[in-house]
Amino acid sequence: MDLKQEQAKEYLNEAKLTLASAEAIFDKAEQEGLNLWSKVVKNAYDAIEDALAAAIACRGEIIPKEHPGKISTFIRLWKPSRKLIDVLFKWLGKRSSTQYVDIKDGKVNVPSRLFTKEDALSIMDDAKEIIQEIDKLIKR
């Protein structure tokens with residue numbers, strides 16, 4: 001196995017672990033009534049990016065460090081469905097809101113107030129599907 005193939009395999013393993021961490025945070029939030037939904041969304045998004053990195057490495061390409069670059073490189077290399085592209089850009093657009101307390105439109109936006117349990121469930125489902133699809137792609 002060459003180094004890029006090993007990198008792809010390890011990125012996919014990291015994607016699965018990162019998704020498991022999102023699921024663990026979700027469970028903790030539910031059990032203790034904590035508002036951790038933004039943390040679930042952040043970790044699940046990171047899992048998606050790890051899976052994209054796996055697919056990029058599998059093709060022998062250098063993995064971009066910038067978030068939009070990972071998505072555009074994945075799209076260029078793999079030509080995914082419009083539905084998948086839309087899902088990727090949907091979550092990319094929400095990524096920074098999971099991390100930063102920003103001032104927008106004259107008010108302070110706090111990550112823990114911006115995301116819901118439904119958001120967390122939605123991105124975990126999307127991440128699981130993306131990881132499974134990329135797992136199939138790179139094993140071909």
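In this chain, numbering begins with 1 at the start of the sequence shown. The figures here come from the full heavy-atom set of this structure, side chains too, leaving out hydrogens, waters and symmetry mates.
- Contact detail for S122 and K90: the closest heavy-atom pair is OG-NZ, 3.8 Å.
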>> Run the side chain to side chain contact (heavy atoms under 4.5 Å, CB included) test on N109 and K107 for me, step by step, so that the C-alpha distance in whole Å, both residues' side-chain angles and the decisive distance to 0.1 Å come before the verdict.
In response: CA-CA 6 Å; N109 287 316; K107 66 179 187 174; 3.6 Å; yes

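- For the atom pair W78 CH2 and T73 OG1, the distance stands at 13.5 Å (nearest 0.5 Å).
- In this structure, W37 contributes its side chain and E118 its backbone to no donor-acceptor pair below 3.5 Å.
- The hydrophobic cluster containing Y100 does not contain Y45, counting ILVMFWY residues as joined when their side-chain heavy atoms lie under 4.5 angstrom apart, directly or transitively.
- Among all heavy-atom pairs drawn from A55 and I134, the shortest one is CB-CG2, 3.9 Å.
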> Are R76 and E61 close enough, and set up right, to give a salt bridge (charged side-chain N to carboxylate O under 4.0 Å, His left out), and what steps lead you there?
Replying inline: CA-CA 11 Å; R76 178 177 55 81; E61 296 275 331; 3.5 Å; yes

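- If you take CD1 on I123 and CD1 on I130, they are separated by 8.0 Å, rounding to the nearest 0.5 Å.
- Here CD1 of I75 is found 7.5 Å from CZ of R82. Values are rounded to the nearest 0.5 Å.
- By the 4.0 Å N-to-carboxylate-O rule, E14 lies too far from K9 to be salt-bridged with it.
- Using modelled atom types and a 3.5 Å distance limit, the side chains of K28 and Q31 yield no donor-acceptor pair.
- Atom CE of residue M124 and atom CG of residue D119 lie 11.0 Å apart, to the nearest 0.5 angstrom.
- With respect to the salt-bridge test (charged N to carboxylate O, under 4.0 angstrom), the residues R95 and D46 do not qualify.
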>> Apply side chain to side chain contact (heavy atoms under 4.5 Å, CB included) to residues L88 and F74 and explain how you reach the verdict.
In response: CA-CA 10 Å; L88 293 172; F74 171 76; 4.0 Å; yes

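- Under the 4.5 Å side-chain heavy-atom criterion for ILVMFWY residues, no single connected hydrophobic cluster contains both V41 and L17.
- Side-chain contact between V40 and F115: absent, with no pair of heavy atoms (C-beta onward) separated by less than 4.5 Å.
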> Checking side chain to side chain contact (heavy atoms under 4.5 Å, CB included) for the pair K39/T98: CA distance, chi angles, key distance, verdict?
Replying inline: CA-CA 7 Å; K39 307 307 180 202; T98 67; over 6 Å; no

>> Applying side chain to side chain donor-acceptor pair (under 3.5 Å) to T18 and N43, what does each step give before you reach the verdict?
In response: CA-CA 6 Å; T18 305; N43 279 31; over 6 Å; no

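- Note: I138 CD1 to Q5 CD = 8.0 Å, rounded to the nearest 0.5 Å.
- Ion pairing between K117 and E30 holds under the 4.0 Å rule for side-chain N and carboxylate O.
- The CG atom of L92 sits 10.0 Å away from the NZ atom of K70 when rounded to the nearest 0.5 Å.
- The minimum heavy-atom distance between A15 and A51, with the atom names listed, is CB-N, 3.7 Å.
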